[in-house]
Structures are given as C-alpha cells and as structure tokens.
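FYI, the numbering just counts along the sequence from 1.
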Amino acid sequence: MRVAMFGYQTWGHRTLQALLDSPHEVVLVVTHPPSEHSYESIWSDSVEDLARSHGIAVHLAQRPDDALAARLRDAAPDIVVANNWRTKLPREIFDAPPHGTLNLHDSLLPRFTGFSPVIWSLISGAAETGLTAHRMDDDLDTGDIVVQRAVPIGERDTATELVQATIDLIPEVLTEALAAIESGTAEWTPQDLAQRTFFHKRSDVDSRIDWTWPAEEIDRLIRAQSDPYPDAWTHYRGERIGITRAHVSICCYGGTPGRVFIHEGDGMAIVAGPSAHLGRNRALVVDEVRTADGRTVPATEFFPHGGGYLTDRP
C-alpha cells in the first residue's frame, strides 16, 4: 500500500522505520518542528531526519491546514498511519485515503485515552499498559480497534522501562494491522466508551508530590517520573528537590504528612498518607535526592538526621 505517515518523536521514528522495513511504500511524512516542551524534548528521535535520509517528502506543521491537505491529496496514499501526532486531525484529512487513518496509541484503549498514557497508567496503579492500533474517527482515541497488545506493569517498573516496552511493540502491531487491512480480513472492534478514561497533558505541577497521598501512590509517581522525565519534586527548607528513588516503608509511621522522620535502612522515612496522625500508614522511604544544582545524592547524605518537613511550597 501507499502510506502517508504522521508522527513525532521516538514513537513516530520507530513507526516510520517499521514502515521502511515493510513492503509498503511511504509516499509522505508529516511531522512537527522540534519543541522545547519538557515532555517533547525527550524521546526525541527525529522523524524528519529519518524521512529525508530515505528521500521521502516531508511536510512540517504544528496543526493541520490547507497546505497539509493539499500535500496529502497530491501524495494519494491508500492509508495514513499516525503515531504521536500531537494535534487533532479533521475528517477531511483522516478520512481522505481509501483506508482512512490507522492510529497507534500507547495504552489499552479505551483506558488511558489522551496524553502521557504510560505515565498515567503507572501512577494510577494499572496492572498493564500496551499498544493499540485503531481507526481514527472524529474524537480522540475512540475509533474501532484492530490490533492490541499488552505489557504487564511490574512492582518496581519505571515509566522509562514501560515506554520502551510499548515502543518495542510498534513493528509487530503495525505489521499485523496493515496486513489485515490490505487483505480485507481486518476485524474492527468498537470501543466501550463507558470504560473510557481520558487524561490531560502533563506539566510541571503534575510532578509535585502531595504528601497526603498514600506512600504506595507517591512511590508510583516517583517511578513514573524516572529519567529522562522531569523528577517528582517537593521542597525542603526553601529548596526545591527531586526525589529520584524511593520505596514504601516496612513499618507504619504516624504524625504530619511530609515530616522528615528517621532513617530506615539506607533511606529516610517521610510521613505520608491521609489521617497520618492515626499512625496507620506506611511511610515513603526516600533513597535518593536530586538537589537544585542537579547533583544526585543518597538520602542519608542529604538528610543526615530527621527534622523539618517536605512541602509543596518553599
């Protein structure tokens, strides 16, 4: 088939490479210009560079416009394949090719529709994440599903590990979906939108630690903000610090959420959770801290003893 590829960052790059390795012909690549946004300047393999290195026509755009629609008409693809295209496509674009648009989304739709789905899956305590190939329609990530693969979320997995695992699924899922579409054997399954969960783009405030959360949830937030993502953060005595490694305490600790309490093993126990004054919650044991100047230090070095509070403001 003649394929136009819409994509960005490493997700789009891996998708384009899978198409280049397939029997299909890539006739146009559409991608966004480079961005300084904290979540778009990482996983930043260039779709544009890969396309140009293979002599494929490239169209750069932030949003769909008349020029993009004209380029698509001229390219005359049989299908559009999209992965990590960051703005909504109108029907006159996504429905223009004979086979419409196949979108790849890194979650098990209809759960975790929207943005940063792997990070939100980990934060939310989901048992698995994955990759879904579905037909694009008028809403965001709601079209009929043709192929879906799952990745289990382990007890100590980080977002970095899970993102890589879902990226690694792209060639398999894309190849299977395109083969079924081309042969006319694709079985399209409508999504149960009553089960849909929809998450927004992440920004700096979404990585701020709320010490009234249970320690288990804070631990997931920290693992969801693993390098190269911006750290989960808090303040200590006027300084903003990142928490880069932590785990849930062995015993329960009582007091006020955020209290820097006492060493447990090689870390510092921080009181956490709702109704912490009742002493029924596990603490979060901080293992490693990133200071304001970018140094990563053991928690027992940064907190040589208990005292003071971790807070959401200086």
Minimum heavy-atom separation for F302 to I241, with atom names? CZ-CG2, 3.6 Å
Salt-bridge contact R282-E216 (side-chain N to carboxylate O under 4.0 Å): no
Quick one: do D312 and H235 satisfy side-chain hydrogen bond (donor to acceptor under 3.5 Å, both in side chains)? Show the steps, please. CA-CA 6 Å; D312 61 1; H235 287 93; over 6 Å; no
When every non-hydrogen atom of G308 is compared with those of R259, the smallest separation belongs to O-CD, 3.5 Å
Lys/Arg N to Asp/Glu carboxylate O, D78 vs R2, below 4.0 Å: no
Please assess R202 against S116 for the test side-chain hydrogen bond (donor to acceptor under 3.5 Å, both in side chains), listing each intermediate value before the final yes or no. CA-CA 7 Å; R202 293 187 64 76; S116 301; 5.4 Å; no
Sidechain N-carboxylate O distance under 4.0 Å for R156, D219: yes
Looking only at atom types and distance, does a side-chain atom of W233 sit under 3.5 Å from a main-chain N or O of D204, one as donor and one as acceptor? yes
F115 and F199: ring-ring contact (aromatic ring centres under 6.0 Å, His included), yes or no, with the steps? CA-CA 6 Å; F115 301 89; F199 286 83; over 10 Å; no
Are I119 and L169 linked, directly or through other ILVMFWY residues, by side chains that come within less than 4.5 angstrom of each other? yes
Answer with yes or no after comparing the ring centroid distance for H32 and W85 against a 6.0 Å cut-off, counting only values under it. yes
If only atom types and distance count, is the side chain of Q9 paired as donor or acceptor with the main-chain N or O of N84 below 3.5 Å? no
Salt bridge flag under 4.0 Å for residues D106 and R149: no
Salt-bridge present (K201, D206; N to O < 4.0 Å): no
For the pair D139 (side chain) and T142 (backbone), establish whether a donor and an acceptor sit closer than 3.5 Å, ignoring hydrogens and angles. no
Does D66, at its CG atom, have more than 12 non-hydrogen atoms belonging to other residues, nucleotides or ligands within less than 6.0 Å? no
Would you please indicate if the ring centroids of F303 and Y236 are separated by under 6.0 Å? yes
Taking all atoms of both residues into account, what is the closest heavy-atom pair of E264 and S249, and its distance? OE2-CA, 3.4 Å
Would W11 and H105 count as a close aromatic pair, with their ring centres under 6.0 Å? no
Between the main-chain N or O of A126 and the side-chain N or O of S121, is there a donor-acceptor pair closer than 3.5 Å? no
Can you tell whether the side chains of R111 and D141 come within less than 4.0 Å, N to carboxylate O? no
Taking all non-hydrogen atoms of both residues, which atom of A4 and which atom of P77 are closest, and how far apart? N-CB, 3.7 Å
Could you tell me whether D157 and R223 have a side-chain N and a carboxylate O separated by less than 4.0 Å? no
State, to 0.1 Å, how close E161 and T158 come at their nearest heavy-atom pair, and which atoms those are. OE1-N, 3.0 Å
To the nearest 0.5 Å, tell me how far H305 NE2 sits from F261 CZ. 15.0 Å
Just checking, R86 and Y8: is the charged tip under 6.0 Å from the six-membered ring centre and within 45° of the axis? no
If you group Ile, Leu, Val, Met, Phe, Trp and Tyr by side-chain heavy-atom gaps below 4.5 Å, do I170 and L102 land in one group? yes
Report yes or no: do L122 and I42 belong to one cluster of Ile/Leu/Val/Met/Phe/Trp/Tyr joined by side chain heavy-atom distances under 4.5 Å? yes
Is there a side-chain hydrogen bond (donor to acceptor under 3.5 Å, both in side chains) between W211 and T234 once you walk through the steps? CA-CA 9 Å; W211 294 100; T234 188; 3.1 Å; yes
Is the positively charged end of R91 above the ring of F94, judged by distance under 6.0 angstrom from the centroid and angle within 45° of the axis? no
Are the side chains of V260 and I270 in touch, meaning some heavy atoms are under 4.5 Å apart? yes
Could you walk me through whether S226 and T160 pass the side-chain hydrogen bond (donor to acceptor under 3.5 Å, both in side chains) check? CA-CA 6 Å; S226 56; T160 309; 2.6 Å; yes
